[in-house]
Asker: 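Have a look at the structure that comes next, please.
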Amino acid sequence: MKTELLKVDEKCDEILKRAAELIKGGSLVGFPTETVYGLGTNAFDADACLNIFKAKGRPADNPLIVHISRPEDAEKISYTNELYYKLAKRFMPGALTVIMPKRDIIPGSVTAGLDTVAVRCPINKIAHKLIELSGVPIAAPSANRSGKPSPTSAKHVFDDMDGIIPMILDGGDCEVGVESTVIKIDESSIILLRPGAITFEMLKEVCDNVSISSAVTEELKEGEKPLSPGMKYKHYAPKAELYLIDDNYVDFVSFVNERSKTENCAVMCYDEEAERITSDKLLPVGEKNDVKKQTKRLFMLLRKADDMKVMTIYAHLPEKGGESLAMYNRMIRACAHRVIGGTNGKI
Ligand code: AMP
Ligand code: MG
């Protein structure tokens, strides 16, 4: 199959209409959102949704997120409640995915047989228009091959999906750079299943009763079943072995300088450290205090490290809270909990 890679903005009506027709007809299209690129198709088409799993090599028990263009469209696919609308008023459109009981119209192939469905209303203008023009909700996971870092540019999608899907829309680099915050709600409480740009602290401002699933920060125990099936897979992983350094206990610069003498390794450092690091495979991630920039660049840098063909990558262990929790969660899973230094550490 030939894959078209097309540069677009929200005013490119002709291209977006063609993409929308493909989606409505059950083909797969790569498209930008504010979080990461999605691989979308018609959420009402059971077979089309099965093809998403095939294209990604995604385990069959890991459900997809359904994208809508207006918060109230959640009514058509799920059983909403007052808390949903409170959250929608504050955070939608935006990087929040809400899990609620599903209606029968959503096929089991979208939800991996679960009786709940994950609903998101993106703010990216191209994504928004694509959903509107399709006239159907769009089921879309991240547009990477399963297990690889999520794509934050159209090139990443092309690298993974060339020859597998008919069209990729190139809307430039994603603003946020990590996937949406995923929460499960009932009438009065929220469980945070995956941290993203909408933080625990922001959710607390809307609802008193917010808890964080242990799978966000801890390793699953043998046989333990997470609330969000995606959390059980080693995810976001580059080919090289990633190690995180807890710099409360280990001096980052001297540690990586020592290792670079003998190892084929890349170093993901803060911008202000770059000059003091002797490795020639430097991946500056952003200033120490600029967590948003670091988050935005994370997956791109993990892919870049693989292009450098290194055996190991060293990076800072991010803070375990606030807007840093999303970075912490992605990195701790990408490194399979290999932390150097500190009480958290295994090594
Ligand atoms: P992705 O589309 O790659 O961002 O992955 C979607 C994430 O949402 C995965 O971690 C899924 O396990 C999770 N998810 C989607 N639907 C549900 C659901 N009904 N219940 C729990 N988790 C879900
Ligand atoms: Mg994904």
Side-chain angles (χ1 to χ4, degrees), residues 28-41 43 49 52-53 55-68 74 77-80 84 94-122 124 127 137-152 156-157 160-161 174 176-186 190-198 212-216 220 224-238 298-299 302-303 326 329-330 333-334:
L28 311 189
V29 174
F31 66 99
T33 81
E34 66 276 23
T35 56
V36 299
Y37 272 74
L39 180 63
T41 195
C49 292
I52 289 184
F53 288 83
K56 279 181 64 88
R58 184 175 176 100
D61 66 350
N62 193 6
L64 311 176
I65 293 174
V66 179
H67 296 71
I68 53 177
I77 57 175
S78 61
Y79 293 95
T80 65
Y84 169 76
L96 182 69
T97 297
V98 183
I99 295 171
M100 292 174 287
K102 87 175 199 53
R103 290 190 190 267
D104 289 344
I105 193 163
I106 290 293
S109 57
V110 171
T111 63
L114 297 175
D115 54 9
T116 51
V117 61
V119 180
R120 177 159 116 78
C121 179
N124 177 286
I138 297 181
S142 50
N144 52 296
R145 291 277 303 165
S146 205
K148 281 188 71 173
S150 293
T152 55
H156 297 161
V157 183
D160 283 15
M161 294 293 160
C174 299
V176 176
V178 290
E179 306 85 344
S180 58
T181 301
V182 177
I183 60 174
K184 189 168 187 178
I185 64 169
D186 59 20
I190 297 177
I191 307 175
L192 178 63
L193 303 182
R194 181 176 73 184
I198 308 300
I212 303 182
S213 162
S214 63
V216 168
L220 287 173
E224 189 183 352
K225 233 182 162 180
L227 287 170
S228 177
M231 285 299 193
K232 75 172 174 248
Y233 297 106
K234 184 184 174 207
H235 228 134
Y236 319 113
L298 173 66
F299 287 144
L302 291 179
R303 282 180 181 251
N329 166 262
R330 302 315 188 273
R333 299 178 64 219

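Note that this is a predicted model, so its numbers are computed, not measured. Keep in mind that the numbers below use all heavy atoms, side chains included, and drop hydrogens, waters and symmetry copies. Just so you know, ligand 1 is whichever comes first in the structure, and atom 1 is the first atom listed for that ligand.
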Asker: Can we say Glu179 and Arg120 salt-bridge, meaning some charged N sits less than 4.0 Å from an Asp/Glu carboxylate O?
Answerer: no
Asker: Which residue pairs satisfy the side-chain hydrogen bond (donor to acceptor under 3.5 Å, both in side chains) criterion with at least one member in residues 102-117, sequence neighbours excluded?
Answerer: none
Asker: Can you sort out which atoms of ligand 1 are near Arg194, meaning under 4.0 Å from one of its heavy atoms?
Answerer: 1 (P), 4 (O), 5 (O), 6 (C), 7 (C)
Asker: Is any N or O atom of Glu179, backbone or side chain, closer than 3.5 Å to an N or O atom of ligand 1?
Answerer: no
Asker: For ligand 1, is there an atom lying under 4.0 Å from some heavy atom of Lys184?
Answerer: no
Asker: Walk me through whether Ile77 and Val119 qualify under side chain to side chain contact (heavy atoms under 4.5 Å, CB included).
Answerer: CA-CA 9 Å; Ile77 57 175; Val119 180; 3.9 Å; yes
Asker: Checking side chain to side chain contact (heavy atoms under 4.5 Å, CB included) between Tyr37 and each of Thr152, Asn144, Val157, which is the one that passes?
Answerer: Val157
Asker: Going by atom types alone, do Ser213 and Arg194 pair a side-chain donor with an acceptor below 3.5 Å?
Answerer: no
Asker: For atom 18 (C) of ligand 1, state which one of Ile106, Val110, Ile99 supplies the nearest heavy atom.
Answerer: Ile99
Asker: With heavy atoms only and a cut-off of under 4.0 Å, state how Lys56 meets ligand 1: side chain, backbone, both or neither.
Answerer: neither
Asker: With a cut-off of 4.0 Å, which atoms of ligand 1 are near a heavy atom of Asn62?
Answerer: 9 (C), 11 (C), 12 (O)
Asker: For Thr116, counting its heavy atoms only, list the atoms of ligand 1 lying under 4.0 Å from any of them.
Answerer: 18 (C), 19 (N), 20 (N)
Asker: If you look at every heavy atom in Ser142 and Pro151, which pair is closest and at what distance?
Answerer: CB-CD, 4.3 Å
Asker: Should Asp160 and Arg303 be marked as a side chain to side chain contact (heavy atoms under 4.5 Å, CB included) after you check the CA-CA gap, both sets of side-chain angles, and the distance that decides it?
Answerer: CA-CA 11 Å; Asp160 283 15; Arg303 282 180 181 251; 3.0 Å; yes
Asker: Strictly by modelled atom types, are Thr35 and Ser180 linked by a side-chain donor-acceptor pair under 3.5 Å?
Answerer: no
Asker: So which of Pro63, Ser213, Ala112 gets nearest to atom 14 (N) of ligand 1, if we judge by its closest heavy atom?
Answerer: Pro63
Asker: With respect to the Mg ion (ligand 2), please indicate if Ser142 possesses an N, O or S atom at a distance under 2.8 Å.
Answerer: yes
Asker: For ligand 1, which atoms, with element, lie under 4.0 Å from some heavy atom of Ser142?
Answerer: 1 (P), 2 (O), 3 (O)
Asker: What atoms in ligand 1 come closer than 4.0 Å to a heavy atom of Leu114?
Answerer: 18 (C), 19 (N), 20 (N)
